[in-house]
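In what follows, a structure is listed as structure tokens, so that the remarks can point back to it.
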Amino acid sequence: MVGVNKRLIDIGVNLMHRSFESDRDEVVARAIEAGVSPLILTGTSERNSDSAARYAVKFPGQLFTTAGIHPHDARNCTGQTMDTLRRLAVKQQVVAIGECGLDYNRDFSPRDVQRKWFEEQIQLACELEKPLFLHEREAHLDFVRILKPYLGKGNVKAVVHCFTGSAQELEVYLRLGLHIGITGWICDERRGRHLRELVKRIPLDRLMLETDAPFLTPRDLPVKPQDGRNEPMFLPHVAAAVASCLGVTVEEVAEATTSTARSFFGLR
């Protein structure tokens, strides 16, 4: 495993996923031992966001969370959903609204429903002055159309989580002032080759790192987990891949992305 002398922040961990049910505490411990701390746990539904916020209390200062509705789950939203998110978002450990956005790749929720609840969550972030943790897949035009009017209002910031898009899409996001999250996708010699060039275009004060665990296990890990499950402890491997692309040391990437994440999420 790649060693890093500076700490890293994993901005996107699906730690409440069922694959972590039996060893969640140990996953956190392994991450801390690997120099990955704090972790930001991703909320994707009302129930999941509540569970993440409750779990994070066990590790003060080491675990933070988001609260939001993933576009896949938008079909389950009700008239009480925004009140639930608002109640969660005021908790000290909850540092962003999301994961929210649009996913036209799988369309698990009808597109008009996705758009409605995406905008509702943007408005909540504006109201509470919380950053947005965003998801976009094959929905770039609608995503930008809905989001753009709210950018620049007050102190609203947003990160496009797990960016895998095109050069043109990246240019638009950067021009809008968005931050960019990079995952182990960049380690995939098949699907992530274009990211190895695009990452060079992202200013370090807009770049953050994430595993999206348990998904997106880096394909080029020297020792792959037997169950294929990704963990936050593998984030140094992602940092090393980014450093290689940028022609800098992994410590420089760690220092810059950690500083950016602390500023973006308001972490002390």
Side-chain angles (χ1 to χ4, degrees), residues 1-43 48 51-66 92-96 99 133 159 161-162 181-188 204 207-246 248-268:
M1 190 179 301
V2 175
V4 181
N5 293 327
K6 294 183 180 293
R7 301 199 76 80
L8 288 161
I9 294 178
D10 190 340
I11 70 161
V13 186
N14 299 285
L15 195 62
M16 307 319 290
H17 189 270
R18 60 184 177 275
S19 66
F20 292 125
E21 197 67 41
S22 65
D23 65 342
R24 196 168 282 124
D25 289 2
E26 290 81 2
V27 169
V28 174
R30 285 192 290 269
I32 293 171
E33 185 177 357
V36 182
S37 176
L39 311 178
I40 299 178
L41 315 188
T42 305
N48 173 277
S51 296
R54 291 175 183 272
Y55 183 74
V57 173
K58 293 177 60 176
F59 298 88
Q62 294 176 319
L63 298 185
F64 297 92
T65 76
T66 71
Q92 185 176 5
Q93 69 271 33
V94 179
V95 293
E99 179 178 356
F133 188 77
V159 56
H161 142 75
C162 189
I182 295 293
T183 66
W185 193 283
I186 201 169
C187 303
D188 190 325
L204 282 175
L207 175 65
M208 292 184 274
L209 303 180
E210 51 181 326
T211 56
D212 201 30
F215 315 112
L216 300 183
T217 306
R219 274 178 53 85
D220 59 353
L221 280 174
V223 180
K224 294 180 174 59
Q226 287 188 344
D227 57 3
R229 185 186 70 176
N230 199 7
E231 288 193 26
M233 70 173 178
F234 298 136
L235 192 65
H237 188 84
V238 177
V242 170
S244 175
C245 295
L246 299 181
V248 300
T249 67
V250 67
E251 284 77 18
E252 288 175 279
V253 168
E255 183 173 9
T257 57
T258 295
S259 175
T260 297
R262 285 196 179 279
S263 175
F264 181 87
F265 291 105
L267 306 181
R268 296 174 184 173

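These numbers were taken from a predicted model, which means no experiment stands behind them.
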Are any non-hydrogen side-chain atoms of Phe215 and Asn230 less than 4.5 angstrom apart? no
Would you name the heavy atoms of Pro232 and Val27 that are closest together and state the gap between them? CD-CG1, 3.7 Å
Can you name the nearest heavy-atom pair linking Arg229 to Ser19, along with the distance? NH1-O, 2.8 Å
Does any part of the side chain of Glu210, heavy atoms only, come nearer than 4.5 Å to the side chain of Val13, both counted from C-beta? no
Rounded to the nearest 0.5 angstrom, the CD1-CZ distance for Ile9 and Phe264 is 12.0 Å
Please walk me through it: do Val250 and Val242 pass side chain to side chain contact (heavy atoms under 4.5 Å, CB included)? CA-CA 8 Å; Val250 67; Val242 170; over 6 Å; no
Are Phe20 and Glu231 close enough that some pair of their side-chain heavy atoms sits under 4.5 Å apart? yes
From Cys162 atom SG to Ile11 atom CD1, the distance as rounded to the nearest 0.5 Å: 10.0 Å
Assign the ring pair Phe265 / Phe133 to parallel, tilted or perpendicular, where the plane angle (0 to 90°) is split at 30° and 60°. tilted
N/O donor-acceptor pair under 3.5 Å between Asp188 side chain and Arg219 backbone: no
Between CG on residue Leu39 and CE on residue Met233, distance to nearest 0.5 Å: 12.5 Å
Return the minimal non-hydrogen interatomic distance between Ala56 and Thr65, and the atom names on each side. CB-CG2, 3.6 Å
Do Asn14 and Asp212 have side-chain atoms, one donor and one acceptor, less than 3.5 Å apart? yes
Are a donor atom and an acceptor atom from the side chains of Thr211 and Asp10 found within less than 3.5 Å of each other? yes
Over all heavy atoms of both residues, which pair between Pro225 and Leu221 is shortest? Give the atoms and the distance, please. CD-CD1, 4.0 Å
State, yes or no, whether a side-chain contact exists between Leu8 and Leu209 at a heavy-atom distance under 4.5 Å. yes
Any side-chain heavy-atom pair of Arg7 and Val36 under 4.5 Å: no
For Thr249, is there any backbone N or O sitting under 3.5 Å from a side-chain donor or acceptor partner on Glu252? yes
Pairwise side-chain contact, Ile186 with Cys245, heavy-atom cut-off 4.5 Å (strictly under): yes
Return yes if some donor-acceptor pair links the side-chain N/O of Thr66 with the main-chain N/O of Thr42 below 3.5 Å, else return no. no
Indicate the atoms forming the closest heavy-atom contact of Asp220 with Cys187, along with that distance. OD1-CB, 3.1 Å
Between atom CG of Leu207 and atom OG1 of Thr260, what is the distance when rounded to the nearest 0.5 Å? 7.0 Å
Does Met208 form a side chain to side chain contact (heavy atoms under 4.5 Å, CB included) with Ile182? I'd like the steps, not just the answer. CA-CA 6 Å; Met208 292 184 274; Ile182 295 293; over 6 Å; no
Flag side-chain contact, heavy atom, 4.5 Å: His161 against Glu99: yes
Side chain Ser244, main chain Ala240, donor-acceptor under 3.5 Å: no
Val253 backbone acceptor or donor facing Thr257 side chain under 3.5 Å: yes
Side-chain ion pair, Arg30 and Asp25, N-O less than 4.0 Å: no
Work out which heavy atom in Thr217 is nearest to a heavy atom in Gly228; give both atom names and the distance. OG1-O, 2.7 Å
Close side-chain approach of Met16 and Arg24, heavy atoms under 4.5 Å: yes
Is it true that, when you exclude Arg54 itself, more than 12 heavy atoms of the residues, nucleotides or ligands shown sit nearer than 6.0 Å to its CZ? no
Tyr55 vs Phe59 aromatic rings, parallel, tilted or perpendicular, using cut-offs 30° and 60°? tilted
